[in-house]
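Notes follow the structure.
Computed over heavy atoms, backbone and side chain alike; hydrogens, waters and symmetry mates excluded. Below, chains carry the letters A, B, ... as their sequence lines are ordered, and counting in each starts from 1.
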Amino acid sequence: MNIKELAEFLNLSTATVSKALNNKSDISNHTRKKVLEAAEKLGYRPNASARHLRSGKVGAVALLLPAADGGNVHTASFFMRIARGLQSSLKASGIDPVIHITTDRQGEQQLLQKIIEQNRADAVILTDTRIDDERILLLNDRRFPFVTIGQSRVLKGHFNWVDFHHEEMGRQCVRFALRQGAKRIAVATLGADSMHGLQFLDGCLEEMRESGQTPNDGLIFFGAVAESSGEEAMQKFMQQNAKPDFIIFINDFLLMGACHYLAGLPDCGLDEKSMLCATASSDFSSRVMSSACLFTVDHEEVGRQLGEAVLRVTQGDNAVKSVLLTLPVNAIRHHII
DNA sequence: TGATCTCGGTCTGCGCACCC
DNA sequence: GGGTGCGCAGACCGAGATCA
C-alpha cells in the first residue's frame, strides 16, 4: 500500500492525501479524518526511502565511537548508555542514531569520508576529540553538520560540542587527595593528543600549584584508554625516588591496570584507598569499582543535550552552542570518605 | 559509448474552482 | 473579493533502459 493506492481508494489526489497525513492547514477536517481513518484501516505506512529522497534527509545521525584496536569494545558500553538518551531525544524527529566502530584512525578517516561523500547521515557525532582534530576541520570544510562529545583547539573551539568540565574534575580529584593527607600526588591521564586528557591534567596541576604543591614530571603519566596503561603508569611511579602517596587516574581502565599491578606488590605502601579515578568509562567497572570513582555520569542527560544539538545542526541552525556539564560527586565515594 | 529518458514514492508551491 | 479546499506539476536521486 503506497500513497497512490490510498489516494485511489479514497478517490482523492496523492497531494491531498499527503497533506492530510502531514497535517497541513489547507485540508478540511472532514477530508483529513477520512484519510487518516483509511490509512489506519488499510495499514498504510510511508515509504521511508521515498520520503528521504524527497526531503534530502537520511533520517540517521552517525555516532563515531573512539577508534581503538579492540579497546573500544569496552568504552562502547559508556557510549551505548549515552546513545539511549540520544535516541529518546531524537525519537519524535524521526532521526535514528547509527553507531560506527572503527579499529584505527585510518579506518575512521575513511569512514568519515564515506559518510560525507555518500551522504550516509544527516549529521555526525564525533567522540574522543583531539587537541588538533582534523576530523572537525574536514566536516567544517565540507559544511557537513556535526556535533562533538569533547572540545578541540581547532576552529578556536567555535563549533557545537557537549563536554564534561574536565578541568574542574581534575581540580576536585586533587582536593580529594589533599583531604586524605596526600603529599606527593601522581596523575595518570590520557596522552597523544587527547583534548580531555590535557584538560584533566591542567585542572590537576592548577589545583596542586594553588595548594602549594610543586608538580613533579616523574609523577605524571600519559597513557591510553587501556588497563595496560595503568600498569605502565605504576611502573613509572614506582621507579621514582620519591614515590607517590596518592594516585589520580583519569578513568577506570587505568585504575584497574594499577590495581592489577599492585596485587603483585603488596608492600609498596599504596592500596586502593590511595587511588582514585575521575569517572567510569565502562559498564563493567562502574558496577565493580563504583566506590573508586569520584564522579557519576548522567548518561541520559548527555544524550539529551547531544540530541538537542543534533536537531539544531540538521535543521540548519548556524548558531553555535557549547554545553559544559559539571558532574556531581559520586555519593558512594563520598560516603566512604 | 555517451546522452537522455524513465521509474520508484513522497512532498509542496502554486494555481484553479467553488462558496459565502 | 477573499478564504478555503483540492489537484497539478515538478523536484528529489540513482539505477537501469533506451536511443542516437
Quick one: [X] [atom1] to [N] [atom2], roughly how many Å, whole number?
{"X": "A:Glu8", "N": "C:dG7", "atom1": "CD", "atom2": "C1'", "result": "15 Å"}
{"X": "A:Asn22", "N": "C:dG7", "atom1": "CG", "atom2": "P", "result": "16 Å"}
{"X": "A:Arg32", "N": "C:dG5", "atom1": "CZ", "atom2": "P", "result": "9 Å"}
{"X": "A:Glu5", "N": "B:dG9", "atom1": "CD", "atom2": "P", "result": "8 Å"}
{"X": "A:Lys33", "N": "C:dG5", "atom1": "NZ", "atom2": "P", "result": "16 Å"}
{"X": "A:Asn2", "N": "B:dC11", "atom1": "CG", "atom2": "C1'", "result": "14 Å"}
{"X": "A:Leu10", "N": "C:dG7", "atom1": "CG", "atom2": "P", "result": "10 Å"}
{"X": "A:Ile27", "N": "C:dG3", "atom1": "CD1", "atom2": "P", "result": "18 Å"}

If we only count heavy atoms from C-beta on, is the [X] to [Y] side-chain gap below 4.5 Å?
{"X": "A:Leu219", "Y": "A:Phe237", "value": "yes"}
{"X": "A:Cys173", "Y": "A:Phe200", "value": "yes"}
{"X": "A:Glu232", "Y": "A:Phe221", "value": "yes"}

Under 4.0 Å from OP1 or OP2 of [N]: is there any side-chain N or O of [X] that close?
{"X": "A:Lys24", "N": "B:dC11", "answer": "no"}
{"X": "A:Ser28", "N": "C:dT4", "answer": "no"}
{"X": "A:Tyr44", "N": "B:dG9", "answer": "no"}

Nucleic acid contacts of residues 12-21 of chain A, taken as heavy-atom distances under 4.0 Å to DNA chain B
A:Ala15, A:Ser18, A:Lys19
For the residue pair A:His196 and A:His166, does the interplanar ring angle fall in the parallel (under 30°), tilted (30 to 60°) or perpendicular (over 60°) class?
tilted
The helix from B:dT1-C:dA20 to B:dC20-C:dG1: angle between terminal helix axes, five bp per end, to the nearest 10 degrees, reads 60°
Taking the six-membered ring for Trp, are the ring centroids of A:Phe79 and A:His299 within less than 6.0 Å of each other?
no
From the list A:Leu311, A:Leu86, A:Val58, side chain to side chain contact (heavy atoms under 4.5 Å, CB included) partner of A:Ile95 resolves to A:Leu311
Gap between atom CG of A:Leu190 and atom CE of A:Met195 - 0.5 Å precision:
13.0 Å
Separation between CD of A:Glu167 and CG of A:Leu205, rounded to the nearest 0.5 Å:
11.5 Å
Under the side chain to side chain donor-acceptor pair (under 3.5 Å) criterion, do A:His260 and A:Glu231 qualify, and how do the steps go?
CA-CA 7 Å; A:His260 184 254; A:Glu231 294 190 44; 3.2 Å; yes
